[in-house]
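Here is the structure we will look at.
The structure presented is a predicted model; accordingly, all values stated were derived computationally and were not measured. One is the number of the first residue; the rest follow in order along the sequence.
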Amino acid sequence: MNMTIILGALELGGIFAILSLGLYISYKILNLPDLTVDGSFTLGCAVSAIFTVHSYPYLGIIVSFLAGCFADLVTALLITKIKIMPLLAGILTMTGLYSINLRIMNDSPSISLFEESTIFSSLSFLQPYDKLILIGLIVFLIALFLHYFLRTQLGLALRACGDNEDMVRASSIDTDKMKILGLSLANGFVAMSGAVFTQHQTFADINSGTGMMVIGLASIIVGMTFIKKDKIIFQLLAVIIGAIFYRGILTVALQLGLPSGDLKLLSALLVVLAIASTQMKRRKKRC
């Protein structure tokens with residue numbers, strides 16, 4: 001395995017870490033299964049590609065984040081105001097996003113950015129570490145923001161909403177607003193992950209988001225099997241390490257000759273194995 005392959009695995013691991021940090025908010029903090037992820041990831045890809053084609057790659061990252069926030073705002077409103085089950089609300093939004101993403105991409109299933117300037121172009125003098133450095137910086141800033149935010153009064157209310165919604169409601173905190181805030185923020189980072197992914201891969205595809213929910217869950221579950229401490233800083237670190245480790249496993253599997261079409265199956269198996277190992281450890285402690 002040469003250095004190019006290792007760097008590629010680390011870069012994609014960093015991009016998946018952004019995705020997983022977003023999913024961490026909905027899955028671990030709010031304890032809500034949000035299936036909007038696959039659609040909002042592609043939304044980030046589409047928005048980023050359009051802005052990059054028009055020579056605004058950095059603006060594309062910011063607008064992708066805002067678009068992701070708005071997309072899951074719809075899911076949150078379906079859950080809190082119309083009282084639709086979280087799973088169904090996510091599926092409905094994800095389904096609608098397919099058409100919206102296609103429209104953003106001018107009804108084209110893919111957009112090439114091969115000859116366009118991206119957020120990585122300005123760091124070309126640092127090759128071959130330019131992409132890794134920038135992605136690492138983005139992951140660090142997001143983790144730093146979440147570490148600070150989740151320790152504020154608003155962040156503590158958000159965490160309490162996921163732990164015990166009835167108690168939070170009894171404390172005169174609007175749980176609906178907490179869910180709207182948390183889900184919007186979560187998919188903002190998911191869409192940002194898609195935006196960075198598109199500029200890293202120099203193309204956007206309408207099916208780019210397929211399976212991203214599984215990737216995010218795999219990263220979180222795998223990471224937290226290694227680091228089990230409850231402090232926020234350690235949980236964020238676990239998510240990042242899990243994403244990099246997950247991508248490393250896929251890279252090794254590809255190098256060993258696994259067909260690329262079987263990667264989704266391997267991802268699902270990794271999630272099952274991680275959950276199964278956690279359950280077995282819990283049973284041993286009870287015994």
Side-chain angles (χ1 to χ4, degrees), residues 16-41 43-44 65-94 97 142-143 145-193 212-221 223-224 228-240 242-243 271 275 278:
F16 290 157
I18 301 171
L19 164 77
S20 302
L21 287 170
L23 193 57
Y24 167 80
I25 300 173
S26 57
Y27 178 70
K28 294 294 290 184
I29 299 296
L30 285 177
N31 198 25
L32 285 174
D34 181 19
L35 295 183
T36 315
V37 171
D38 287 11
S40 56
F41 184 89
L43 175 64
F65 173 81
L66 296 175
C69 290
F70 181 78
D72 221 45
L73 173 63
V74 175
T75 302
L77 290 175
L78 291 177
I79 294 172
T80 58
K81 304 305 179 185
I82 307 182
K83 304 302 179 184
I84 296 177
M85 292 175 58
L87 282 174
L88 180 57
I91 292 171
L92 290 171
T93 307
M94 179 182 64
L97 279 175
I142 292 174
F145 165 77
L146 289 177
H147 180 245
Y148 172 78
F149 171 72
L150 293 173
R151 296 170 65 193
T152 63
Q153 186 173 359
L154 183 60
L156 289 171
L158 188 68
R159 291 162 62 185
C161 181
D163 290 335
N164 193 327
E165 186 175 338
D166 293 331
M167 182 192 72
V168 172
R169 192 179 293 112
S171 301
S172 301
I173 297 175
D174 192 332
T175 56
D176 285 354
K177 288 183 179 178
M178 291 296 102
K179 290 178 182 178
I180 291 171
L181 171 64
L183 289 175
S184 297
L185 188 61
N187 271 264
F189 289 129
V190 171
M192 181 184 286
S193 174
M212 288 300 160
M213 180 72 177
V214 175
I215 290 175
L217 286 178
S219 301
I220 294 171
I221 295 170
M224 290 188 176
K228 299 179 181 179
K229 296 187 178 181
D230 294 329
K231 287 187 176 181
I232 291 297
I233 184 64
F234 290 111
Q235 292 199 349
L236 295 175
L237 183 61
V239 172
I240 295 170
V271 175
I275 294 174
T278 303

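For S26 against L183, the heavy-atom pair with the smallest separation is CB-CD2, 3.8 Å. When all heavy atoms of L19 and G216 are compared, the closest pair comes out as CD2-N, 4.0 Å. When all heavy atoms of I84 and A89 are compared, the pair lying nearest together is CG2-N, 3.7 Å. Closest heavy-atom contact between S20 and V239: CB-CG1, 3.3 Å. Here the shortest heavy-atom pairing between M192 and I142 reads SD-CD1, 3.7 Å. Here the shortest heavy-atom pairing between G182 and I25 reads O-CG2, 3.5 Å.
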Inset, instruction - Step by step, work out the side-chain contact (heavy atoms from CB on, under 4.5 Å) result for L92 and L88. - result: CA-CA 6 Å; L92 290 171; L88 180 57; 4.1 Å; yes

Inset, instruction - Go through L23 and V37 one step at a time and tell me if the side-chain contact (heavy atoms from CB on, under 4.5 Å) criterion holds. - result: CA-CA 8 Å; L23 193 57; V37 171; 3.6 Å; yes

Legend entry - Stepwise side-chain contact (heavy atoms from CB on, under 4.5 Å) check, N187 with V190: CA-CA 5 Å; N187 271 264; V190 171; 4.3 Å; yes

Legend entry - Residue pair R151, L156: steps toward the side-chain contact (heavy atoms from CB on, under 4.5 Å) verdict: CA-CA 6 Å; R151 296 170 65 193; L156 289 171; 5.7 Å; no

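The shortest side-chain heavy-atom distance between Y27 and L32 does not fall under the 4.5 Å cut-off. When side chains are defined from C-beta on, Q235 counts as touching M224, because their heavy atoms get closer than 4.5 Å. Residues M85 and I79 have side chains not in contact (no heavy-atom distance under 4.5 Å, counting atoms from C-beta outward). Side chains of K179 and E165 form a contact here, defined as non-hydrogen atoms less than 4.5 Å apart.
Applying the ring-ring contact (aromatic ring centres under 6.0 Å, His included) criterion to F16, with sequence neighbours excluded, gives no partner residue. The side chain to side chain donor-acceptor pair (under 3.5 Å) search around S193 returns none, not counting sequence neighbours. Residues meeting the ring-ring contact (aromatic ring centres under 6.0 Å, His included) test with Y24, sequence neighbours left out: none. Among residues two or more places apart in sequence or in another chain, the side chain to side chain donor-acceptor pair (under 3.5 Å) test is passed with T36 by D34, D72, T75. Looking at residues two or more places apart in sequence or on another chain, you find no ring-ring contact (aromatic ring centres under 6.0 Å, His included) involving F234. I233 meets the side-chain contact (heavy atoms from CB on, under 4.5 Å) test with H147, K231; sequence neighbours excluded.
Taking a 6.0 Å sphere around CZ of F70, one finds it holds 12 or fewer heavy atoms contributed by other residues, nucleotides or ligands. The local environment of CZ in R169 is crowded, with over 12 non-hydrogen atoms from other residues, nucleotides or ligands closer than 6.0 Å.
No donor-acceptor distance shorter than 3.5 angstrom exists from the side chain of N31 to the backbone of D163, with no hydrogens or angles considered. At distances below 3.5 Å, not a single donor-acceptor pair connects side-chain atoms of T93 with backbone N or O atoms of G90. With hydrogens and angles disregarded, a donor-acceptor distance shorter than 3.5 Å links the side chain of T152 to the backbone of G155. Under a 3.5 Å cut-off, the side chain of N164 and the backbone N or O of M167 do form a donor-acceptor pair.
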